[in-house]
Participant: 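Right, I'll just put the structure down here and ask away after.
Numbers restart at 1 for each chain; the letters A, B, ... are given by sequence-line order, proteins then strands.
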2 protein chains.
Amino acid sequence: MPAISRPTSKDVAQEAGVSQSTVSLVLGGKWSGRVSPATARSVRDAAERLGYRPNQAARNLRLGTTRTVLLMVPTLTAPFFGPVYTGAARVAARHGFGVVVSTWPDDAEGPADSPFGSEEAIDGVLASSMAVDALGRFGETPAVMLDSGPDPRTGGTVPTIDFGVADGMRAIAGHLAGLGHRRFGHVAAAVDQWTFRARAAALAAVVTGLPGGALLREECAIDVASAKDAALRLLSAADPPTVLVCDDDLIAAGAYKAARALGLDVPSELSVTGFDDVLLATALEPELTTVRLPAEELGAQGMAALLDLLAGRRPAARVLPGDLVVRASTAPPRAGSRAKEV
Amino acid sequence: MPAISRPTSKDVAQEAGVSQSTVSLVLGGKWSGRVSPATARSVRDAAERLGYRPNQAARNLRLGTTRTVLLMVPTLTAPFFGPVYTGAARVAARHGFGVVVSTWPDDAEGPADSPFGSEEAIDGVLASSMAVDALGRFGETPAVMLDSGPDPRTGGTVPTIDFGVADGMRAIAGHLAGLGHRRFGHVAAAVDQWTFRARAAALAAVVTGLPGGALLREECAIDVASAKDAALRLLSAADPPTVLVCDDDLIAAGAYKAARALGLDVPSELSVTGFDDVLLATALEPELTTVRLPAEELGAQGMAALLDLLAGRRPAARVLPGDLVVRASTAPPRAGSRAKEV
DNA sequence: CTGTTAGCGCCTTCAC
DNA sequence: GTGAAGGCGCTAACAG
């Protein structure tokens, strides 16, 4: 026995003294010139009076659609992906779509696991920070890739929305070069994703093109302790860098710790930069110079593209610019720092 | 024309040479002694071969259930709620349920807004950090409240899962008292929620019971800049506190900034404590003494309770203990700090 | 302009 | 032990 059966379209029809199909037409908004305005209004009134809400399950069954899309992110624990979800959910809601999130399991290679177990009731997939070629897993499901780099395959089968991370990194490097830095340390995320490869390449390109430019590199996991270790390794080099360029704000926090452990002041004795501009960037002291990546916008644009795709349109690939935000963690290299070179 | 129509139970029946009902029984797991083992196995094989997945929409329609629950959180942008979602989704998935998130709009009072617009296709609600009495909005929908304090109404109509924030705050206060602190500054979140009221009350109780104990209080929004201002106000008092007890790790970050602005060393000249133990706590320098709130566990336990409720059981209210994590931001008050009293 | 009809895919009596 | 039939609530043909 169902607890409190909600009114159905049949009830509305009865209340309004018309048939179900009329109700469906009116409430579906496609009665232009097929139903008399008077009837339409009485149907609406009846629906209102009864507090009628269409049964989604029935509608889904009939229409063969679920009005639900799956957002796949590596994790929701990292501060970056909450906003991605928020942006995606916002535009989805505006179109009557819901968003379910799936954090892909650590064993990322499993062919047919969790999200597709009980969860095949989905119209499309938004996959963030996932290798582009991993999308064979989606089968025929419409998908758009976020922050995964341009689709290398001919024609770009799948729409992509990316950040302009290369430009962002170039902006950082340019800012630092302008400050007078020449010896760069790259505290790189040991994560095999397009976004990090692009950052590394852009940084290397700028530094290489700089007269007297030198680039050291150490890798670490994206956590504070691991980042601190990597920074320490960089700073203990024979001819240490005057700036630590970090792949992530969290890594920059580790760099701060390394600096403090070594008694180095930021920024007068060591400049540090981050990437992403999450909350942490302004919580640190001094506040972090970083590149702001519009995470919420990524989710929003990605969802818009997916909705286009579902509507039969062919969305264009987009790249969202990342802006350099100069705060207090960068300064000209200390004059004395070149003395060591002698 | 549907793109690629997936196999239906009818197809499976045909493939296995049986009827739909047999398929339903077998795949539904309730064929004990009604279907021959041989038939059952052949049905399973057929389903496997065809890659059959039951159509959720049809199943929902027939069963009158959606196997979806709504998680309502204030925001997913704050670092705390990602884990709550993760925990909830994990146990939900284990029971074949999906979780959709809704971040409640800023205009929290709107009677019938976003989540219930197109989103009535839900079996239950998990509401986090929401005023307990706000749940009239859920109507008849089964709900459990998270981090909202015990239900004040007779009998506890709605199951609740809470943190032991009072115990946590007492642990902090006890730790500080043991260190020798007597003059406390409370940098309180200006948010009217049970969890913050409980923290304030617990702190006040301990300090009041301390010989020579004094408690100052300033409120701020949960963001770094606002927290810094509040901390500054506290520290510029005639007889400033020797410790700043903050309602949130993020607020503690603001307190750090205030300390630095005043040239005060943490912890030798000023102790600071946080609350929550998010990522930030160990990213700060020095690392923050705080109370660890098991956010993921909150989501998991909450979902377990909701699932119990949906299954007709009556889950008990639970409170999850918060553990004091002593790190490097607390120390005995500086000996000289009492000199001012003269 | 409006009503009747026929399923969407599934589960569950009820006969056999 | 198995099959046939009905209907969940909705929408889109097709008649009138």
Side-chain angles (χ1 to χ4, degrees), chain A residues 1-44 46-47 50-67 96 118 120-123, chain B residues 1-44 46-47 50-67 96 118 120-123:
Chain A
M1 180 179 82
I4 7 79
S5 55
R6 298 197 292 115
T8 72
S9 71
K10 194 170 174 182
D11 297 327
V12 176
Q14 200 156 21
E15 174 83 6
V18 297
S19 77
Q20 276 190 68
S21 58
T22 305
V23 172
S24 179
L25 284 180
V26 172
L27 266 28
K30 30 189 114 168
W31 55 284
S32 54
R34 310 210 255 171
V35 175
S36 75
T39 317
R41 136 161 263 70
S42 80
V43 168
R44 270 196 243 281
L50 265 37
Y52 170 72
R53 300 238 146 271
N55 178 316
Q56 281 295 334
R59 164 176 270 254
N60 291 345
L61 178 55
R62 184 66 236 264
L63 267 8
T65 195
T66 62
R67 297 195 86 75
S118 66
E120 185 85 21
I122 261 164
D123 286 344
Chain B
M1 180 179 81
I4 6 79
S5 55
R6 298 197 293 113
T8 72
S9 71
K10 193 172 175 180
D11 296 327
V12 175
Q14 200 156 22
E15 173 82 7
V18 297
S19 78
Q20 279 189 66
S21 58
T22 307
V23 172
S24 179
L25 284 180
V26 173
L27 266 28
K30 30 189 118 168
W31 54 285
S32 55
R34 308 211 254 170
V35 176
S36 75
T39 318
R41 138 161 260 72
S42 81
V43 168
R44 269 195 242 281
L50 266 36
Y52 169 72
R53 302 236 147 272
N55 178 317
Q56 281 295 336
R59 161 175 271 255
N60 291 345
L61 178 55
R62 185 58 172 78
L63 267 12
T65 194
T66 62
R67 298 195 85 75
S118 65
E120 185 84 21
I122 262 164
D123 286 344

Participant: When the nearest nucleotide of DNA chain C is assigned to Ala57(B) and to Gly17(A) on a heavy-atom basis, which residue is associated with the more 5' position?
Facilitator: Gly17(A)

Participant: Is there, by distance only and without an angle test, a donor paired with an acceptor across the side chain of Arg62(B) and the base of dC8(D) below 3.5 Å?
Facilitator: no

Participant: Is Lys10(B) near enough to dC8(C) that one of its side-chain N or O atoms lies under 4.0 angstrom from OP1 or OP2?
Facilitator: no

Participant: Can you tell me if Lys30(B) touches the phosphate of dC11(C), counting only side-chain N or O atoms and a distance under 4.0 Å to OP1 or OP2?
Facilitator: no

Participant: Write down the atom of Tyr52(A), the atom of Thr8(A), and the distance for their closest heavy-atom approach.
Facilitator: CE1-C, 3.4 Å

Participant: Rounded to whole angstrom units, what separation is found between the CG atom of Asn55(A) and the P atom of dG9(D)?
Facilitator: 7 Å

Participant: If you check the Ala58(B) side chain, which of dG3(D), dC10(C), dT2(D) turns out closest?
Facilitator: dC10(C)

Participant: Are a donor atom and an acceptor atom from the side chains of Thr66(A) and Asn60(A) found within less than 3.5 Å of each other?
Facilitator: no

Participant: Answer with base, sugar-phosphate or nothing: what part of the nucleic acid does Arg59(A) contact at a heavy-atom distance below 4.0 Å?
Facilitator: sugar-phosphate

Participant: Over all heavy atoms of both residues, which pair between Ala13(B) and Gln20(B) is shortest? Give the atoms and the distance, please.
Facilitator: CB-N, 3.7 Å

Participant: Could you state the CZ-P distance from Arg67(B) to dG9(C), rounded to the nearest angstrom?
Facilitator: 21 Å

Participant: Atom CH2 of Trp31(A) to atom P of dG3(C): distance rounded to whole Å?
Facilitator: 15 Å

Participant: With a non-hydrogen cut-off below 4.0 angstrom, is Thr8(B) in contact with a base, only sugar-phosphate, or nothing?
Facilitator: sugar-phosphate

Participant: Where the side chain of Ser36(B) is concerned, which of dC10(C), dG9(D), dG1(D) is the nearest nucleotide?
Facilitator: dG1(D)

Participant: Within the modelled atom types, does a donor on one side and an acceptor on the other bring the side chain of Ser21(B) and the base of dG3(D) under 3.5 Å apart?
Facilitator: yes

Participant: In terms of the nearest nucleotide of DNA chain C, which residue is placed more toward the 5' end: Val23(B) or Leu63(A)?
Facilitator: Leu63(A)

Participant: With a 4.0 Å limit, can you tell me whether Ser9(A) has a side-chain N or O closer than that to the phosphate oxygens OP1/OP2 of dC10(D)?
Facilitator: yes

Participant: Show the nearest heavy-atom pair for residues Leu50(B) and Pro7(B), with the distance to one decimal.
Facilitator: O-CG, 3.4 Å

Participant: Send over the distance from Arg34(A) CZ to dC14(D) C1', rounded to a whole Å.
Facilitator: 12 Å

Participant: With a 6.0 Å cut-off (strictly less than), is the heavy-atom count around CD of Glu15(A), excluding the residue itself, greater than 12?
Facilitator: yes

Participant: Measure CG/Leu25(B) against P/dA4(D) and give the value in whole Å, please.
Facilitator: 14 Å

Participant: Distance check needed: dA12(D) C1' versus Leu27(A) CG, whole Å only.
Facilitator: 16 Å

Participant: May I have the distance from Gln20(A) (atom CD) to dC8(D) (atom C1'), rounded to whole angstrom?
Facilitator: 12 Å

Participant: Which atoms form the tightest heavy-atom contact between Asn55(B) and Leu61(A), and what is the distance?
Facilitator: ND2-CD1, 4.4 Å

Participant: CG of Asp11(A) versus P of dC8(D): gap in Å, rounded?
Facilitator: 11 Å

Participant: Compare side-chain N and O positions of Thr22(A) against OP1 and OP2 of dC1(C) and report whether any pair is under 4.0 Å apart.
Facilitator: no

Participant: Could you please name the option among dT2(C), dG9(C), dT2(D) that lies closest to any side-chain atom of Leu61(B)?
Facilitator: dG9(C)

